[in-house]
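No experiment lies behind these values; they were computed from the predicted model shown.
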Amino acid sequence: MLNRSVELAEKLSPKLYFTLQDLANILKLKPESTRVLLSRYTKKGIFIRMKKDFYVLRESFKKFTAEDFFQIANLLQVPSYISFLTALNFYEVTTQVQRDFFESAALKRSKKFEIKGIVFAYYKIKKCYYFDFIRLGNFFIASKEKAFVDSVYLYSFGKYKIDFSALDLTKLDKSKINKIIKVYPDKTKAIVKKIWRI
């Protein structure tokens, strides 16, 4: 068992996550045998089950960077992109630091996952607001202006808390924000204009 654990750690550590098929291919096992091994190793805490057929090595999980968790967040709920304070913190627009808490905009549903002390929060937004995000490396993230507008949008409906005094507005492009908010409700526009005095 110990030897196999070491072997698996060596072969799986380069991968951010793995599936039953990945493990079956590495060990040259049939799916049924692989499923038993997955269950056993998950119970022992060697593997962490993120969702159905989505696993990570516990030792790798401990060493994940913020960007690794961004990628995981994108995969836990598809489609989604990193936004709100998580993105604003990434761009150094806010001094509000969220430790072990990753927020995303999603189309399907609002939901929170907590896995080994790490929280992945998803806020459902309408399809017409699902835009202005980019791919950085292996994850999707809102532009800093869109992360700001996403936050104000939820705040304007009492669904989000944000300390606007902790934001460095000089790092945001006012003209871009004006373009983004055109499709948003009047109450969202009113708060943006109040913050920017426009």
Side-chain angles (χ1 to χ4, degrees), residues 5 8-27 29 31 34-91 97-151 153-154 159-160:
S5 298
L8 282 174
E10 289 174 350
K11 291 182 177 180
L12 292 172
S13 56
K15 300 175 74 69
L16 184 69
Y17 66 95
F18 60 93
T19 64
L20 182 149
Q21 191 59 54
D22 291 330
L23 198 59
N25 292 342
I26 288 171
L27 297 177
L29 292 174
T34 308
R35 195 170 285 110
V36 171
L37 188 142
L38 270 172
S39 176
R40 184 183 304 149
Y41 275 51
T42 301
K43 286 177 182 176
K44 287 181 174 293
I46 296 168
F47 298 157
I48 298 173
R49 184 179 184 273
M50 306 295 285
K51 67 174 185 177
K52 184 178 180 181
D53 201 25
F54 189 108
Y55 298 85
V56 299
L57 269 176
R58 182 187 62 184
E59 289 306 311
S60 297
F61 188 82
K62 292 176 182 177
K63 301 171 186 174
F64 280 172
T65 64
E67 288 79 5
D68 290 333
F69 283 121
F70 290 175
Q71 187 180 347
I72 293 290
N74 284 173
L75 294 167
L76 283 177
Q77 188 169 158
V78 179
S80 64
Y81 62 84
I82 300 296
S83 191
F84 311 103
L85 280 173
T86 301
L88 291 173
N89 183 57
F90 175 78
Y91 292 120
V97 179
Q98 295 178 304
R99 298 195 186 282
D100 302 329
F101 195 85
F102 301 92
E103 297 173 311
S104 302
L107 284 178
K108 290 182 180 177
R109 63 193 181 278
S110 294
K111 189 171 182 178
K112 283 186 181 179
F113 297 86
E114 183 170 353
I115 303 168
K116 301 297 180 183
I118 305 295
V119 177
F120 299 92
Y122 298 86
Y123 299 95
K124 182 180 178 181
I125 61 173
K126 293 180 180 178
K127 193 170 183 179
C128 59
Y129 306 142
Y130 197 87
F131 65 94
D132 200 43
F133 54 92
I134 58 173
R135 182 168 188 151
L136 283 181
N138 294 315
F139 61 88
F140 293 96
I141 187 168
S143 70
K144 53 189 174 182
E145 289 79 14
K146 183 58 163 53
F148 169 76
V149 174
D150 281 345
S151 301
Y153 168 62
L154 290 187
K159 296 179 179 180
Y160 195 71

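- The distance between the ring centers of Y55 and Y41 does not fall below 6.0 angstrom.
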Run the side-chain hydrogen bond (donor to acceptor under 3.5 Å, both in side chains) check on T65 and D68 step by step: do they pass?
CA-CA 5 Å; T65 64; D68 290 333; 3.3 Å; yes
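- Judged by distance alone, with hydrogens and angles left aside, the side-chain atoms of S151 form a donor-acceptor pair with the main-chain N or O of A147 at under 3.5 Å.
- No donor-acceptor pair under 3.5 Å is formed between the side chain of N74 and the backbone N or O of Q71.
- Using cut-offs of 30° and 60° on the angle between ring planes, the pair F84 and Y160 is tilted.
- Side-chain contact between K144 and F90 is absent, with no heavy-atom pair separated by less than 4.5 Å.
- The distance from the CG atom of D100 to the CZ atom of F120 is 9.5 Å, given to the nearest 0.5 Å.
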Would you check, one step at a time, whether the test ring pair (Phe, Tyr, Trp, His ring centres under 6.0 Å) holds for F101 with F69?
CA-CA 9 Å; F101 195 85; F69 283 121; over 10 Å; no
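- Rounding to the nearest 0.5 Å gives a distance of 11.0 Å between CG of L57 and NZ of K62.
- Rounded to the nearest 0.5 Å, atoms CG (L29) and CG (L38) are 10.0 Å apart.
- Atom CG of L88 is separated from atom CD of E145 by 9.5 Å, given to the nearest 0.5 angstrom.
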Show which side-chain atoms of residues 104-118 pair as donor or acceptor with protein atoms under 3.5 Å away, not counting sequence neighbours.
{"from": "K108", "atom 1": "NZ", "to": "V78", "atom 2": "O", "distance (Å)": "3.1"}
{"from": "S110", "atom 1": "OG", "to": "K124", "atom 2": "N", "distance (Å)": "2.9"}

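- Between Y130 and the choices Y153, F140, Y81, the ring-ring contact (aromatic ring centres under 6.0 Å, His included) rule is met once, by Y81.
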For residues 14-24, run the donor-acceptor check on the side chains, cut-off 3.5 Å, and write out each pair with its distance to 0.1 Å, sequence neighbours left out.
{"from": "T19", "atom 1": "OG1", "to": "Q21", "atom 2": "N", "distance (Å)": "3.4"}
{"from": "T19", "atom 1": "OG1", "to": "D22", "atom 2": "N", "distance (Å)": "3.2"}
{"from": "T19", "atom 1": "OG1", "to": "D22", "atom 2": "OD2", "distance (Å)": "3.2"}
{"from": "Q21", "atom 1": "NE2", "to": "N25", "atom 2": "OD1", "distance (Å)": "2.9"}
{"from": "D22", "atom 1": "OD2", "to": "T19", "atom 2": "N", "distance (Å)": "2.9"}

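- Separation of atoms CD1 (I72) and CG (N138) is listed at 10.5 Å; rounding is to 0.5 Å.
- Listed for the K51 side chain is a donor-acceptor partner under 3.5 Å among the backbone atoms of L75.
- Between the side chain of K146 and the backbone N or O of Y129, at least one donor-acceptor pair lies under 3.5 Å.
- At least one donor-acceptor pair under 3.5 Å links the side chain of Y122 to the backbone N or O of A73.
- Here the side chain of R40 pairs no donor or acceptor atom with the backbone of T42 at under 3.5 angstrom.
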Quick one: do T34 and L27 satisfy side-chain contact (heavy atoms from CB on, under 4.5 Å)? Show the steps, please.
CA-CA 8 Å; T34 308; L27 297 177; 5.9 Å; no
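- For the atom pair CD1 (I125) and OG (S83), the distance works out to 7.0 Å, reported to the nearest 0.5 Å.
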